[in-house]
Enquirer: 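Let me begin by handing over the structure; questions about it come next.
In what follows, residues are counted from 1 in the order of the sequence shown. When reading the values below, keep in mind they use all heavy atoms of this one structure, side chains included, and skip hydrogens, waters and symmetry mates.
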Amino acid sequence: MKLKKLIAAMLAPVILLAGCGTDKPIADVPPTEIVNAVLAEVPITSAIEKSKSDIHDFYSDIDVSQVESAAFVICASGAYPDELAVMKCTDSAAADAVKAAFEKRLASQTELFSTYTPDEMYKLETAKIYTSGNYAIFLAVSDNDRAKEIVDGKLTV
């Protein structure tokens with residue numbers, strides 16, 4: 001009886017740790033496909049698409065050599081704070097660095113739009129900035145929760 005209890009006590013942490021790996025595998029999806037899926041349900045007013053070659057125009061702190069591919073959309077007129085960016089990075093450390101650059105951009109946009117279009121601030125106040133595997137994601141749109149659901153749905157296998 002003591003042997004059974006000992007075995008059960010030894011196996012419990014193994015079983016618990018095995019259950020912790022609930023993260024779904026990350027799909028290999030082009031950032032443009034993810035951005036287009038979000039825009040199909042959460043449009044951006046006067047959206048203009050940007051690519052990897054435009055990164056430094058908006059995110060000066062990003063090391064472009066660490067970005068495999070990228071797609072992002074902003075409001076072309078600059079009248080609204082809408083921004084949607086997906087960058088596939090070379091590894092998770094690079095994705096973390098891009099996330100930090102996104103956070104810096106969000107702080108800058110928050111300062112700018114707080115007096116320019118205060119009624120649009122909800123987009124920035126509820127913005128989602130996160131990583132998923134080697135992807136860094138920045139969502140500042142009219143429905144950030146729905147946009148995140150779409151992104152997460154595209155990135156999970």
Side-chain angles (χ1 to χ4, degrees), residues 17-18 20-157:
L17 287 175
C20 289
T22 58
D23 289 355
K24 296 179 181 176
I26 303 299
D28 185 13
V29 182
T32 53
E33 183 178 323
I34 298 168
V35 166
N36 289 336
V38 172
L39 289 176
E41 290 191 44
V42 186
I44 292 178
T45 304
S46 69
I48 184 167
E49 293 180 33
K50 300 293 182 177
S51 65
K52 183 177 174 180
S53 64
D54 301 307
I55 288 175
H56 277 290
D57 294 340
F58 300 90
Y59 313 101
S60 59
D61 293 342
I62 293 177
D63 179 356
V64 179
S65 70
Q66 298 289 306
V67 177
E68 288 183 11
S69 56
F72 60 104
V73 178
I74 60 166
C75 172
S77 70
Y80 301 100
D82 300 69
E83 195 158 337
L84 163 60
V86 178
M87 298 191 187
K88 182 179 178 190
C89 302
T90 54
D91 56 36
S92 61
D96 288 339
V98 170
K99 178 185 173 207
F102 286 165
E103 289 166 345
K104 186 174 179 181
R105 168 81 174 173
L106 176 61
S108 172
Q109 293 295 86
T110 299
E111 185 178 331
L112 174 68
F113 281 96
S114 65
T115 55
Y116 182 62
T117 55
D119 53 334
E120 292 286 315
M121 285 301 294
Y122 73 96
K123 296 172 183 175
L124 299 172
E125 291 166 349
T126 63
K128 309 284 187 212
I129 297 175
Y130 64 105
T131 62
S132 183
N134 293 351
Y135 291 83
I137 298 101
F138 179 8
L139 307 169
V141 294
S142 62
D143 189 347
N144 289 312
D145 290 332
R146 179 63 189 136
K148 185 176 185 312
E149 288 174 5
I150 295 166
V151 172
D152 292 346
K154 291 299 247 176
L155 286 177
T156 53
V157 176

Enquirer: I'd like to know if the side chain of Tyr130 pairs up with that of Asp152 as donor and acceptor (distance under 3.5 Å, no hydrogens or angles considered).
Expert: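 Judged by distance alone, the side chains do pair up.
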Enquirer: Return the minimal non-hydrogen interatomic distance between Val141 and Lys123, and the atom names on each side.
Expert: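 Here Val141 and Lys123 meet closest at O-CG, 3.4 Å.
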Enquirer: Which word best sums up how the rings of Phe138 and Phe102 line up, parallel for under 30°, tilted for 30 to 60°, or perpendicular for over 60°?
Expert: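 Phe138 and Phe102: tilted rings.
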Enquirer: What distance do Ser132 atom OG and Lys148 atom NZ have between them, rounded to the nearest 0.5 Å?
Expert: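 Interatomic distance, Ser132 OG to Lys148 NZ, rounded to 0.5 Å: 8.0 Å.
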Enquirer: Grab the two heavy atoms, one from Val42 and one from Ser142, that are nearest each other, plus how far apart they are.
Expert: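 Heavy atoms of Val42 and Ser142 come nearest at CG1-OG, 3.5 Å.
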Enquirer: Between Met87 and Phe72, what is the shortest heavy-atom contact and its length?
Expert: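 In this case the closest contact between Met87 and Phe72 is CE-CD2, 4.1 Å.
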Enquirer: Take Ile62 and His56 through the side-chain contact (heavy atoms from CB on, under 4.5 Å) test and state the conclusion after the steps.
Expert: CA-CA 7 Å; Ile62 293 177; His56 277 290; 5.5 Å; no
Enquirer: Measure the shortest side-chain to side-chain distance between Tyr135 and Val29 over non-hydrogen atoms and say whether it is less than 4.5 angstrom.
Expert: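 Yes, their side chains come closer than 4.5 Å.
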Enquirer: Any pair with a residue in residues 64-75 that passes side-chain hydrogen bond (donor to acceptor under 3.5 Å, both in side chains), sequence neighbours left out, goes on the list, sorted by first then second residue, please.
Expert: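 Pairs touching residues 64-75 that pass the test: Asp63-Ser65, Gln66-Thr90.
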Enquirer: At what distance, to the nearest 0.5 angstrom, does CG of Asp96 lie from CG of Asp91?
Expert: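 So the gap between those two atoms works out to 9.0 Å.
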Enquirer: Can you check whether Thr45 reaches Asp82 side chain to side chain, under 4.5 Å on heavy atoms?
Expert: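 Side-chain contact under 4.5 Å: no.
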Enquirer: CD1/Ile150 to CD1/Ile34 distance, rounded to the nearest 0.5 angstrom?
Expert: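 Between Ile150 CD1 and Ile34 CD1, I get 11.5 Å after rounding to 0.5 Å.
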Enquirer: Just do the salt bridge (charged side-chain N to carboxylate O under 4.0 Å, His left out) check on Arg105 and Asp61 with the steps written out, would you?
Expert: CA-CA 9 Å; Arg105 168 81 174 173; Asp61 293 342; over 6 Å; no
Enquirer: Below 4.5 Å, heavy atoms only, C-beta onward: do Ile26 and Asn134 meet side chain to side chain?
Expert: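 SC-SC contact between Ile26 and Asn134 ruled out.
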Enquirer: Kindly give the heavy-atom pair with the smallest separation between Ala85 and Tyr59, and that separation in Å.
Expert: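 Smallest heavy-atom distance, with atoms named: CB-OH, 3.6 Å.
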Enquirer: Do Ile48 and Val73 come close enough that some side-chain heavy atom pair is under 4.5 Å?
Expert: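 No, too far: nothing below the 4.5 Å cut-off.
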Enquirer: Give a yes or no on whether Glu103 atom CD has more than 12 heavy-atom contacts from other residues, nucleotides or ligands under 6.0 Å away.
Expert: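 Counting other residues, nucleotides and ligands, CD of Glu103 exceeds 12 neighbours.
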Enquirer: Could you please spell out the steps behind the side-chain contact (heavy atoms from CB on, under 4.5 Å) verdict for Ile44 and Ile74?
Expert: CA-CA 7 Å; Ile44 292 178; Ile74 60 166; over 6 Å; no
Enquirer: Using a 4.5 Å cut-off on heavy atoms from C-beta on, say whether the side chain of Ile129 contacts that of Ile137.
Expert: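 Side chain of Ile137 against side chain of Ile129, heavy atoms only: no contact under 4.5 Å found.
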Enquirer: Is Lys52 reaching over with its side chain to a backbone N or O of Val67, donor-acceptor style, under 3.5 angstrom?
Expert: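 Answer holds: yes.
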Enquirer: Is the closest side-chain donor-acceptor distance between Asn144 and Thr126 under 3.5 Å?
Expert: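 There is such a pair between these side chains.
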Enquirer: Look up atom NZ in Lys104 and atom OG in Ser60, then write down how far apart they are to the nearest 0.5 Å.
Expert: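 Result: 5.5 Å between the selected atoms.
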Enquirer: Output yes when Lys50 and Asp57 qualify as a salt bridge under the 4.0 Å nitrogen-oxygen rule, no when they do not.
Expert: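 No, this pair does not count.
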Enquirer: If I compare all heavy atoms of Gln109 with all of Leu124, which pair ends up nearest, and what's the gap?
Expert: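 The answer is O-CD1, 3.6 Å.
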Enquirer: Suppose the criterion is side-chain hydrogen bond (donor to acceptor under 3.5 Å, both in side chains): which pairs have a residue in residues 32-43, not counting sequence neighbours?
Expert: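 Matches after skipping sequence neighbours: Glu33-Lys154, Glu41-Arg146.
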Enquirer: Checking Ser77 side chain against Ala79 main chain: does a donor-acceptor pair fall under 3.5 Å?
Expert: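 Pair found, side chain donor or acceptor close to backbone of Ala79.
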Enquirer: Using every non-hydrogen atom in the two residues, find where Cys89 and Ala94 come nearest and quote the distance to one decimal.
Expert: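 Between these two residues, the closest heavy atoms are CB-CB, 3.7 Å.
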